[in-house]
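These figures come from a predicted structure and were not determined experimentally. A, B, ... follow the sequence lines: proteins, then strands. Residue 1 opens every chain. Computed from heavy atoms alone, side chains included, the values below leave out hydrogens, waters and symmetry copies.
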There are 4 protein chains.
Amino acid sequence: MRDGSRTKELIAHTALHLFVEKGITETTIRDIAGAAGIAEGTLYRHYESKDQLAWELFSTNYLDFARELDRLQEEYETLKDKLTAMIRQFCAFFDRDPVLFSYLLLAQHAQLKKVTPEMETAVTVLQKVIAQGMARREVPEMEVELAAAMVLGVVLEVAIFKAYSRITQELSQLSETLTAACWRVLTGGGIS
Amino acid sequence: MRDGSRTKELIAHTALHLFVEKGITETTIRDIAGAAGIAEGTLYRHYESKDQLAWELFSTNYLDFARELDRLQEEYETLKDKLTAMIRQFCAFFDRDPVLFSYLLLAQHAQLKKVTPEMETAVTVLQKVIAQGMARREVPEMEVELAAAMVLGVVLEVAIFKAYSRITQELSQLSETLTAACWRVLTGGGIS
Amino acid sequence: MRDGSRTKELIAHTALHLFVEKGITETTIRDIAGAAGIAEGTLYRHYESKDQLAWELFSTNYLDFARELDRLQEEYETLKDKLTAMIRQFCAFFDRDPVLFSYLLLAQHAQLKKVTPEMETAVTVLQKVIAQGMARREVPEMEVELAAAMVLGVVLEVAIFKAYSRITQELSQLSETLTAACWRVLTGGGIS
Amino acid sequence: MRDGSRTKELIAHTALHLFVEKGITETTIRDIAGAAGIAEGTLYRHYESKDQLAWELFSTNYLDFARELDRLQEEYETLKDKLTAMIRQFCAFFDRDPVLFSYLLLAQHAQLKKVTPEMETAVTVLQKVIAQGMARREVPEMEVELAAAMVLGVVLEVAIFKAYSRITQELSQLSETLTAACWRVLTGGGIS
DNA sequence: TATGAATGAGACTTCATTCAT
DNA sequence: CATGAATGAAGTCTCATTCAT
């Protein structure tokens with residue numbers, strides 16, 4: 001009652017889980033309020049609308065993660081080190097909060113329309129890093145977008161498999177395997 | 001009756017596009033009827049419900065594609081040939097109807113719950129093929145699910161990039177590049 | 001079911017009465033639907049929203065009445081004849097549908113904001129007619145708006161008294177009395 | 001306590017303006033609190049409810065004004081003098097606080113239901129005064145309610161025009177003109 | 001007295017679905 | 001088979017009011 005920000009976090013947490021479980025549109029305000037143990041109207045003291053709640057949940061984490069990745073890659077010199085660190089970070093992020101990851105994944109299609117091109121995302125960071133690596137002759141030249149797509153695909157799809165429990169190990173345990181695979185994708189089959 | 005089945009296809013086609021454009025839940029029966037130039041009630045002559053329409057659109061194509069892949073892989077002996085053919089097929093499928101591909105992608109989250117484990121999907125086919133390849137010592141042993149995830153990721157994410165116009169080439173033109181990348185992922189960096 | 005326009009009229013009629021009885025904001029969609037014997041959703045097949053219903057009810061009749069008055073005044077030459085006819089018409093309008101009149105009165109404050117200046121209203125017609133009468137030297141010069149206000153006030157307030165049952169006679173029976181009073185207001189007390 | 005009554009007046013003042021600007025139902029407690037710079041709950045320290053606030057605003061001023069008029073008319077002997085004084089007073093009232101006048105006007109429809117017949121209003125005072133004038137043979141006999149309606153209409157509608165800025169002069173400047181017009185209405189066109 | 005987070009009834013509106021024509 | 005007006009359950013959101021601080 002005194003601490004409104006606690007309520008806001010409670011709503012965010014509850015909504016995130018329900019969104020992932022049932023889908024955003026399929027989750028009703030009543031669902032969220034009920035699960036959070038608050039009144040329906042209370043939600044609107046903290047979020048303007050359901051859409052805005054979904055967007056805030058998405059943008060905050062999506063953009064924050066990109067910033068985190070960018071800060072991280074700057075600490076390293078080579079593409080190989082950058083990539084290693086980024087994938088390690090990605091795995092840690094997933095393991096820390098798989099539900100959040102799932103949300104980012106499922107919300108993408110709807111929310112990405114609101115992401116303006118100047119916003120930095122994990123994709124743009126990855127492309128930038130790969131482009132630099134090519135410029136440094138670390139890896140052979142190829143279309144940057146294609147390279148980024150393939151690298152991203154390797155990591156993302158494994159995470160998706162994990163989210164669907166098709167893979168059982170912690171993602172962090174696979175970090176090196178993923179890095180190696182990505183590196184092979186980028187280096188075009190030369191000796192790693 | 002000929003006219004009737006034409007109407008059904010018209011509905012399917014229109015719905016598919018609207019579903020991709022706006023999302024399934026966000027697309028109303030009125031939207032579909034309006035865009036298809038038919039009355040709202042008419043849709044129910046051809047589909048039991050909106051859910052059933054969405055499901056039919058998904059299952060038909062999702063499962064058909066898996067069957068197609070399976071039939072194809074049987075024509076080849078080695079994993080490498082199987083993979084090459086499957087990826088070629090995947091790219092052709094995408095290029096033939098990118099909207100349909102987008103639909104399968106977006107419908108996944110909601111519809112996959114209705115896919116029973118015994119149904120054969122592209123994922124199961126891929127896993128089966130990879131498992132055989134490992135048994136045949138074509139590629140080194142590793143967790144099949146992990147291998148499948150990585151291979152799938154490479155191909156799928158490139159398709160997604162293409163769907164978002166982040167990549168401009170036709171997917172079929174990238175077929176060999178993708179196959180090579182997947183192969184490197186699987187073979188652990190040995191000489192291809 | 002076949003004739004949608006009948007339903008629309010039913011809604012209009014029901015809403016009008018409820019709006020007058022309870023006020024616009026105080027009347028709910030459920031009230032209207034219940035009183036009209038239709039489902040709540042049905043209202044939205046005929047009106048975009050409650051606001052639009054209130055506006056259509058207002059504008060149609062308000063503007064129509066002005067047009068009617070204008071057509072009428074054109075049939076006469078002198079201000080006196082025009083005024084006589086207009087007041088007679090006003091009284092007939094009131095007697096024909098007192099509820100409609102009450103609605104126009106009560107909706108004014110909220111709806112008049114949406115009336116653009118170029119729209120012709122009873123007020124503008126009255127001002128025009130009085131201005132012409134002054135130009136023709138039928139009545140002494142004075143500020144047109146002031147003259148119009150006073151004439152309108154005489155007629156309108158009597159109608160309001162009637163609407164509140166403070167006056168019991170039919171308005172049409174008072175038509176001549178009102179005309180005479182208005183004329184005295186305009187002519188500044190000279191011999192009529 | 002001094003501070004408290006100041007807060008109450010602040011609320012009254014703020015609410016009055018918002019009520020006129022947006023309508024009573026359309027004005028929320030939050031609107032009022034926000035505009036007055038107080039918390040939402042504070043309003044309830046001074047008024048039982050929003051309805052009671054609206055009613056107090058109305059009844060106080062509406063009834064006070066009637067009392068004022070009544071006291072005033074008693075100071076004069078003849079209808080003509082009474083009327084002159086009352087109209088002068090009305091104009092002064094309007095010019096002093098046009099927003100308050102607008103509020104009384106717009107609140108009428110909703111609040112008048114709560115006005116019991118024994119309460120003295122401006123209308124009853126006017127009727128009483130006119131009835132006396134007729135009894136004194138100052139003006140010809142006619143239905144008192146009708147006479148009152150017409151006189152009231154002249155004055156009220158001019159005020160309304162002024163409130164809508166269709167008339168620009170101060171109402172007090174029109175006081176004599178209005179009195180003369182009303183007199184002509186009452187005297188049936190005889191010599192003023 | 002003042003605050004403002006919380007409440008919850010209820011308002012408006014949407015939309016999948018039905019059915020008489 | 002086609003139509004489209006009608007339905008009514010359910011969803012989102014508002015807002016007067018309460019109450020712990």
Side-chain angles (χ1 to χ4, degrees), chain A residues 1-8 25-33 36-53, chain B residues 1-8 25-34 37-53, chain C residues 1-8 25-33 36-53, chain D residues 1-8 25-34 37-53:
Chain A
M1 187 145 298
R2 180 190 44 222
D3 193 354
S5 77
R6 184 143 296 163
T7 304
K8 180 162 187 173
T25 321
E26 289 70 23
T27 300
T28 68
I29 295 290
R30 184 161 299 174
D31 287 338
I32 300 170
I38 58 165
E40 292 177 50
T42 302
L43 195 146
Y44 290 89
R45 290 206 138 261
H46 300 281
Y47 297 93
E48 277 175 32
S49 67
K50 187 185 164 184
D51 272 2
Q52 201 252 335
L53 165 59
Chain B
M1 189 144 288
R2 193 192 65 236
D3 216 26
S5 99
R6 184 145 297 165
T7 302
K8 180 163 188 174
T25 321
E26 290 69 24
T27 299
T28 69
I29 297 288
R30 179 172 286 191
D31 286 339
I32 300 170
I38 59 167
E40 293 178 55
T42 303
L43 194 146
Y44 290 86
R45 302 273 158 206
H46 301 280
Y47 297 93
E48 276 174 32
S49 68
K50 184 186 167 185
D51 274 0
Q52 200 253 336
L53 165 59
Chain C
M1 188 145 298
R2 178 190 43 219
D3 193 354
S5 77
R6 185 144 295 163
T7 304
K8 180 163 187 174
T25 322
E26 289 70 23
T27 300
T28 68
I29 295 290
R30 183 162 299 176
D31 287 338
I32 300 171
I38 58 165
E40 292 178 50
T42 302
L43 195 147
Y44 290 87
R45 291 208 136 259
H46 300 281
Y47 297 93
E48 277 175 32
S49 67
K50 187 185 164 184
D51 273 2
Q52 201 251 335
L53 165 59
Chain D
M1 187 142 292
R2 193 192 66 235
D3 217 23
S5 100
R6 185 146 296 166
T7 303
K8 180 163 187 174
T25 321
E26 289 70 24
T27 300
T28 69
I29 297 288
R30 178 172 286 190
D31 287 339
I32 300 171
I38 59 166
E40 292 177 56
T42 302
L43 194 145
Y44 289 86
R45 301 272 159 207
H46 301 279
Y47 297 93
E48 277 175 31
S49 69
K50 184 186 166 185
D51 274 0
Q52 200 254 335
L53 165 59

Problem - Side-chain-base donor-acceptor pair under 3.5 Å for A/Glu40 and F/dC13 - result: yes
Exercise for the section: Nearest whole angstrom, please: distance from the C1' of E/dG4 to the NZ of A/Lys8. Expected result: 16 Å
Completion exercise
Here the distance between atom P of E/dC12 and atom CD of D/Glu26, to the nearest Å, is 12 Å
Exercise for the section: State whether the number of non-hydrogen atoms from other residues, nucleotides or ligands found under 6.0 Å of D/Gln52 atom CD is greater than 12. Expected result: yes
Completion exercise
From CD1 of A/Ile32 across to C1' of F/dC13 the rounded distance in Å is 13 Å
Practice task
Could you tell me whether the phosphate oxygens of E/dA6, OP1 or OP2, come under 4.0 Å of any side-chain nitrogen or oxygen in A/His46?
Solution key: yes
Fill in the blank from the handout: Per nearest nucleotide of DNA chain F, the residue lying toward the 5' end, A/Asp51 or D/Glu48, is A/Asp51
Problem - Check: B/Arg45 side chain, F/dT3 base, donor-acceptor under 3.5 Å - result: yes
Practice task
Could you tell me whether C/Ile38 contacts a base, only the sugar-phosphate backbone, or nothing, with contacts defined as non-hydrogen atoms closer than 4.0 Å?
Solution key: sugar-phosphate
Handout entry: Separation of E/dC12 P from C/Gln52 CD (nearest whole Å)
Key = 15 Å
Exercise for the section: Have a look at C/Thr27 and say if it touches a base, only the backbone sugar-phosphate, or nothing, with a 4.0 Å heavy-atom cut-off. Expected result: sugar-phosphate
Handout entry: Length of the line joining C/Leu43:CG and E/dT14:P, which is rounded to integer Å
Key = 12 Å
Completion exercise
dist A/Leu53:CG -> A/Leu43:CG (nearest 0.5 Å) comes out at 6.0 Å
Practice task
To the nearest 0.5 angstrom, please state how far the NZ atom of D/Lys50 sits from the CD1 atom of D/Ile29.
Solution key: 6.0 Å
Handout entry: Between P of E/dT1 and OH of D/Tyr47, the distance in whole Å
Key = 13 Å
Exercise for the section: Tell me which nucleotide among E/dA6, E/dT13, F/dT12 gets nearest to the side chain of A/Thr42. Expected result: E/dA6
Problem - Gap separating the NE2 atom of D/His46 from the CD1 atom of D/Ile38, nearest 0.5 angstrom - result: 6.5 Å
Problem - From A/Arg45 atom CZ to A/Thr42 atom OG1, the distance as rounded to the nearest 0.5 Å - result: 8.0 Å
Exercise for the section: Answer with base, sugar-phosphate or nothing: what part of the nucleic acid does C/Ile29 contact at a heavy-atom distance below 4.0 Å? Expected result: base
Problem - Below 4.0 Å: OP1/OP2 of F/dT17 and any side-chain N or O of D/Tyr44 - result: yes
Handout entry: Watson-Crick or G-U counterpart of F/dT21, or none if no pair lies under 3.5 Å
Key = E/dA2
Practice task
Specify the separation, in whole Å, of atom CZ of C/Arg30 and atom C1' of F/dG8.
Solution key: 10 Å
Practice task
May I ask you to verify if any side-chain N or O of C/Ser49 is less than 4.0 angstrom from the OP1 or OP2 atom of E/dC12?
Solution key: no
